[in-house]
Structures are given as structure tokens and as C-alpha cells.
Amino acid sequence: MPSVFHDARERLKSLGKLSGISATVIESLSRPRSTLCSSLPVLMDDGSTQYFDAYRCQYSSHLGPCKGGIRFHPNVSQDEVQALALWMTIKCAVVDLPFGGGKGGVNVDPKTLSRMELERLSRSYMRAMADFIGPDKDIPAPDVYTNARIMGWMRDEFEVIKRHKQPAVITGKPVNLGGSLGREEATGRGAFLVTEFLRSKEGKAPEDIRVAVQGFGNAGYNVAKLLFDAGYKIIAISDSKGAICDAAGLDVDKVKSFKDKDRSFDSDYCKSSVCESETHKSISHEELLALDVELLVPAALENAITIKNVNNIKAKWITEVANGPISAAADEILHARGTVIIPDVLANSGGVIVSYFEWVQNKAGYPWSLDEVRTRLQAVLKMSFDEMWQYQHQSENTSLRTAAYAKALSKLEQVIKMRGTKEYFANTEN
Ligand code: NAD
């Protein structure tokens, strides 16, 4: 299996070529600008010190300061962080944000830490990165196994180091610490909205759409909840521990209450699982992905669908809420088979769009209402979806992913060319 960054880069090259982007531009986007690696010392509750490998990648700042989440997970590596930062670069360009792409992470299983160890780890990350990031350089946010509280600790640590208030250094903060209303739900809401745009183009009723959701965290829960409330039939849900299925439909709020049962015990990570929802049949992770559904929503980690299991996939539509849930090779097979895929760079962009709103509110010192946030989010996504849809329908045999990359890359190409190319300086540019 190729590395996730290798896969992301190969996809960039092939989609760039398909979209007619100049080779010089693709070459310049094929490598990260810089990645900082650090070993974070953390004082554990038993008095020992443990070290955790941590990363922050600033992939591209062509369109503005770098932007991207911080992940706490045992699979985090420099390779993964760089792939995620490349996708952030594309994503911010797809939805016209004045941001480049970045990403960070710590190789840790945060579920094994106490609350105080988690706080010390979060502050240690910020101490290591404080000179690298900043409100006009690189702005982190939450990702897998990080949350608003962790963003609040990190903001606080940054301000202790810099000795002045800088709320815009990080987004996804608690609302009472400078966060934005609507940020918590934003990734799920964005994914819901783009699925709704697709549904209205295809003229289907929500009740006729059976859905399987892989991953039931911030993004997975919020998209499942909105789809459920809109009348879609959620027949399967999974988390890291397993999956449940009910052909008659699951009640998303009930599943959530099972999962949340132990949340407040001694950690910010719930110990319960969706599998504790007693009334439903347990199935395996692979069985969930292979269900006969109209819509599959992968909302966990990269490479859920690869060449190994792609032939089992029966879903007609896939909304990619996770980053990179389908490998490049599997993607080609699904496209050839006619599966409609709303690509991650648009489907999960609600999070970074509302992070941008939070950054704007912090800089202006003027908070917006929830209504205003939701209305603006919908407007940005509608415009981006329609552009992608139109491009796809004007070009033969093009996927929505190719259409999204074509828009993002042509935007980046214009900016890179504006700085001056060989052809410009030789006066041969047409
Ligand atoms: P989270 O930590 O809130 O939740 C992750 C969920 O995935 C948990 O329910 C966990 O149990 C589950 N999970 C982990 N491994 C699994 C597996 N093998 N099978 C099934 N479930 C599994 O994380 P999140 O913020 O919801 O992020 C999920 C995905 O969405 C990631 O790919 C992330 O990069 C992407 N994303 C998140 C945001 C955001 O704002 N949070 C924004 C854009 C993209």
C-alpha cells in the first residue's frame, strides 16, 4: 500500500494534468513548504516524563496563511500530516477562502491519558509550535480526537508565551473563549448541505435514501443527525469499536445517548460505543461499508475504501466527510462504475469555512449570530457546489473530484503565475 502522501501527490498530478494545469505549477504544489517535527515532553500523573512525536506542516501559503486541524491519534505520522495539509490547500481554494493549507498532529492514543495529561500534552504542543504558527501565518483547528476544549488550552498557552491576547491564532475554540456559534456542527452541516444539493439535482425523496455512516464523532454525528432530521433513513452507524445496523432505521439521538453514556467519567473521550445500543444488530466495519444503501458516508479516517474492498461497495452516492477515505485507485474504479462521489475537499469544507468565519470575527472583535453563520455557510457551499456541478456536466466523463480539483488548481495557478514565471520574464507568455 503506497503512503497516503504519495497517493495524495499522485492524485494531484493526474487531476492537474486532466485539468490542463501547467506542469511547473503542479511541481510547485507537489511538496510541502515546511514541516516542523518535535518530540513533546509531557509530565505524566505518576511523575514520569513521556515523549510524543508531533508535527505541523505548512503546505502552501499561496492564497493566505496556512490553515488546518491538529489530530491526536496513534497513526499520526509526518507522511499523513503532509497528505492532510495538501488536501487542505485544495479545499481552501475550492471554497474560495483566503487561506493556504496546513495540518498538525501528535502520535498518541489520547484515550489512555488522564484529563491533566491531555491538558499538558496540548500545552506542550503549543509551546513547541508557538514560533511557527500565528494568526497571520498558520491557524490550527480541531481534527480527529481533538476538540474545542483542547483549542481553548492551546489559545491560552499561546497567549501566555506571547504575553498578549491573540484569539485568532486558533479556531474551533469554545464559544466563551472566542469560538464561533455554529463551528461545532459546521463540518457535519456542510456535508449535509452538499448531500442535499446532490439530492435535489437527482430528484430523489429523503425517505428513499438509506444511509450508512462510518465514524460517529464530531463530523459523523452531526451529518447523521441532520440527515435523520431531514427524513433520510440511517440504517447503519459505526465507531472505532464496531458497527450497528437496523434495516428499519436507527434513531440517531438514541445511538448518541448510548455513545455518550460514560463521557464525563474521567476523560474527554467517551468509553461507550454505538455498539452498546442494545436493540440493534452488530455488524463488522467491512459489512457496514458493503451495505446495499443509496448513500455511504465515510466519516472516520483515510483509506476506508481501497483496492482491497472497492468491489464490495454497493452505495450509489458517497459523501466523503473524512479526509481521503477513498484511495486514488479505488476512486477510479468507483467513478468508472458510475458511483457519484462528493469529494472530501468540498464535502467536509464546512469546518474550515466556519473556522474562517471565526477568524474573521476574532479579528473584527465582533461576534455573529448562529443564523448569520449558517446562512453564510450555505451561500459559500451552494456557489462552490454549483460551480463543481456545472464543470462536471460540461466535460465528458469527469468526476466531481476532477471538477473540484480543476477549480482549485486553476485558482492556485493564477496566483503562482502572477508572481512571475519563466515565460513571463522571457516575454513569451500568451
Ligand atoms: P472525531 O475524533 O470527533 O471522531 C472520529 C470518529 O471516528 C469516532 O467516532 C471514532 O470512534 C471513529 N473511528 C475511528 N476509527 C474508526 C474506524 N476504523 N471505523 C469506524 N469509526 C472509526 O473526529 P472528527 O472531527 O469527526 O473527524 C472525522 C473525519 O472528518 C476525519 O477524517 C477528519 O479529518 C475529518 N474532518 C473533520 C473536521 C472537523 O471539523 N472536525 C473537518 C474536516 C474534516
Side-chain angles (χ1 to χ4, degrees), residues 4 67-76 80-81 83-85 87-88 90-92 94-95 101 103-105 109-111 140-151 170-173 179-180 182-191 194 212-225 236-244 255-256 258-260 263 268-276 283-289 296-306 309 319-326 343-356 358 377:
V4 59
K67 185 88 191 78
I70 300 171
R71 179 174 290 197
F72 286 179
H73 193 275
N75 291 348
V76 164
E80 182 188 59
V81 163
L84 290 162
W87 292 328
M88 283 306 298
I90 303 294
K91 193 184 305 180
C92 291
V94 168
V95 290
K103 202 80 181 191
D109 180 356
K111 294 177 187 174
D143 191 72
V144 174
Y145 296 158
T146 55
N147 57 24
R149 189 183 289 273
I150 291 172
M151 299 303 110
I170 201 158
T171 59
K173 302 178 291 291
S180 174
R183 174 60 184 88
E184 188 88 10
E185 63 167 27
T187 305
R189 177 169 289 276
V194 294
V213 182
Q214 183 210 35
F216 202 56
N218 171 287
Y221 162 69
N222 279 296
V223 68
K225 164 86 179 132
I237 293 178
S238 70
D239 63 15
S240 59
K241 294 186 184 142
I244 54 170
V255 177
K256 173 88 165 121
F258 281 112
K259 189 161 165 68
D260 280 351
R263 186 179 285 281
D268 271 349
Y269 301 95
C270 51
K271 296 197 162 139
S272 309
S273 161
V274 296
C275 307
E276 283 168 47
I283 56 171
S284 69
H285 288 299
E286 282 304 321
E287 283 171 323
L288 177 137
L289 295 171
L296 177 63
V297 181
L301 298 169
E302 303 87 68
N303 285 332
I305 302 171
T306 64
N309 61 356
T319 301
E320 287 188 326
V321 174
N323 283 301
I326 305 178
D344 50 4
V345 290
L346 182 71
N348 69 31
S349 66
V352 72
I353 294 170
V354 177
S355 271
Y356 166 60
E358 182 173 328
L377 171 65

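The structure presented is a predicted model; accordingly, all values stated were derived computationally and were not measured. Below, each value reflects all heavy atoms present in this structure, side chains not excepted, and no hydrogens, waters or symmetry copies. In listed order, ligands and their atoms are each counted from 1.
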Quiz item: Hey, what do you get for CG (Asp260) to NZ (Lys256), rounding to the nearest 0.5 Å?
Solution: 3.5 Å
Self-check item: For ligand 1, the portion of Arg183 having any non-hydrogen atom under 4.0 Å away
Solution: side chain
Quiz item: Which atoms from ligand 1 have a heavy atom of Ala299 less than 4.0 Å away?
Solution: 28 (C), 29 (C)
Practice problem: Please list, chain by chain and in numerical order, all residues satisfying side-chain hydrogen bond (donor to acceptor under 3.5 Å, both in side chains) with Asp239, sequence neighbours excluded. | Solution: Lys259, Ser273
Quiz prompt | Short N or O distance, Gly351 and ligand 1, threshold 3.5 Å exclusive | solution = no
Practice problem: List the closest protein heavy-atom neighbour of atom 29 (C) of ligand 1: residue, atom name, distance to the nearest 0.1 Å. | Solution: Ala300 O, 3.2 Å
Exercise. Spell out, as yes or no, whether a donor-acceptor pair under 3.5 Å connects the side chain of Arg183 to the backbone of Gly351.
Key: yes
Practice problem: Would you tell me which option among Val144, Leu289, Val213, Asn75 has the nearest heavy-atom contact to atom 27 (O) of ligand 1? | Solution: Val144
Quiz prompt | Heavy-atom nearest neighbour in the protein, as seen from atom 10 (C) of ligand 1, with distance rounded to 0.1 Å | solution = Tyr145 OH, 3.4 Å
Practice problem: Taking only heavy atoms of Ser238 into account, list the atoms of ligand 1 that are under 4.0 Å away from them. | Solution: 20 (C)
Quiz item: What residue and heavy atom of the protein are closest to atom 8 (C) of ligand 1, and at what distance?
Solution: Gly217 N, 3.9 Å
Self-check item: Heteroatom distance test (Asn218, ligand 1): nitrogen or oxygen, under 3.5 angstrom
Solution: yes
Exercise. Working to the nearest 0.5 Å, report the span between NZ of Lys67 and SG of Cys92.
Key: 8.0 Å
Self-check item: Interfacing atoms of ligand 1 (cut-off 4.0 Å, heavy-atom, Asn323)
Solution: 32 (O), 33 (C), 34 (O), 35 (C), 36 (N), 44 (C)
Quiz prompt | CD/Glu302: more than 12 non-hydrogen atoms of other groups inside 6.0 Å | solution = yes
Quiz item: Atoms of ligand 1 less than 4.0 Å from Gln214 heavy atoms?
Solution: 19 (N), 20 (C)
Quiz item: Is the shortest side-chain N to carboxylate O distance from Lys103 to Glu80 below 4.0 Å?
Solution: no
Quiz item: Do the rings of Tyr221 and Phe216 sit parallel, tilted or perpendicular, given the 30° and 60° boundaries?
Solution: perpendicular
Exercise. Please report which non-hydrogen protein atom sits nearest to atom 43 (C) of ligand 1, along with the residue it belongs to and the distance in Å to one decimal place.
Key: Asn348 O, 3.5 Å
Practice problem: Have a look at Arg71, Met88, His285 and point out the one with the heavy atom closest to atom 19 (N) of ligand 1. | Solution: His285
Practice problem: Examine the side chains of Ser180 and Lys173 and answer whether a donor and an acceptor come within less than 3.5 Å of each other. | Solution: no
Self-check item: Enumerated ligand 1 atoms positioned under 4.0 Å from heavy atoms of Val321
Solution: 30 (O), 35 (C), 44 (C)
Quiz item: Can you tell me how far the NZ atom of Lys91 sits from the OG atom of Ser349, to the nearest 0.5 Å?
Solution: 7.0 Å
Quiz item: Looking only at protein heavy atoms, which one is nearest to atom 24 (P) of ligand 1, and how far off is it?
Solution: Ala219 N, 4.1 Å
Quiz item: Side-chain donor-acceptor pair under 3.5 Å between Asn323 and Asn348, yes or no?
Solution: yes
Quiz prompt | Under-4.0 Å heavy-atom contact with ligand 1, by part of Ala141 that carries it | solution = neither
Exercise. Give the residue, atom name and distance (to 0.1 Å) of the protein heavy atom nearest atom 14 (C) of ligand 1.
Key: Ser240 CB, 3.8 Å
Practice problem: Report the C-alpha distance between Val95 and Leu346 in whole Å, list the side-chain angles of each, state the deciding distance to 0.1 Å, and finish with yes or no for side-chain contact (heavy atoms from CB on, under 4.5 Å). | Solution: CA-CA 7 Å; Val95 290; Leu346 182 71; 3.8 Å; yes
Practice problem: For atom 34 (O) of ligand 1, grab the closest protein heavy atom and report residue, atom and distance to one decimal in Å. | Solution: Asp143 OD1, 2.7 Å
Practice problem: Could you tell me the residue and atom name of the protein heavy atom closest to atom 38 (C) of ligand 1, and the distance to it rounded to 0.1 Å? | Solution: Thr187 OG1, 3.5 Å
Quiz item: Can you check whether Ile70's main-chain N or O pairs, donor with acceptor, with Thr146's side chain at less than 3.5 Å?
Solution: yes
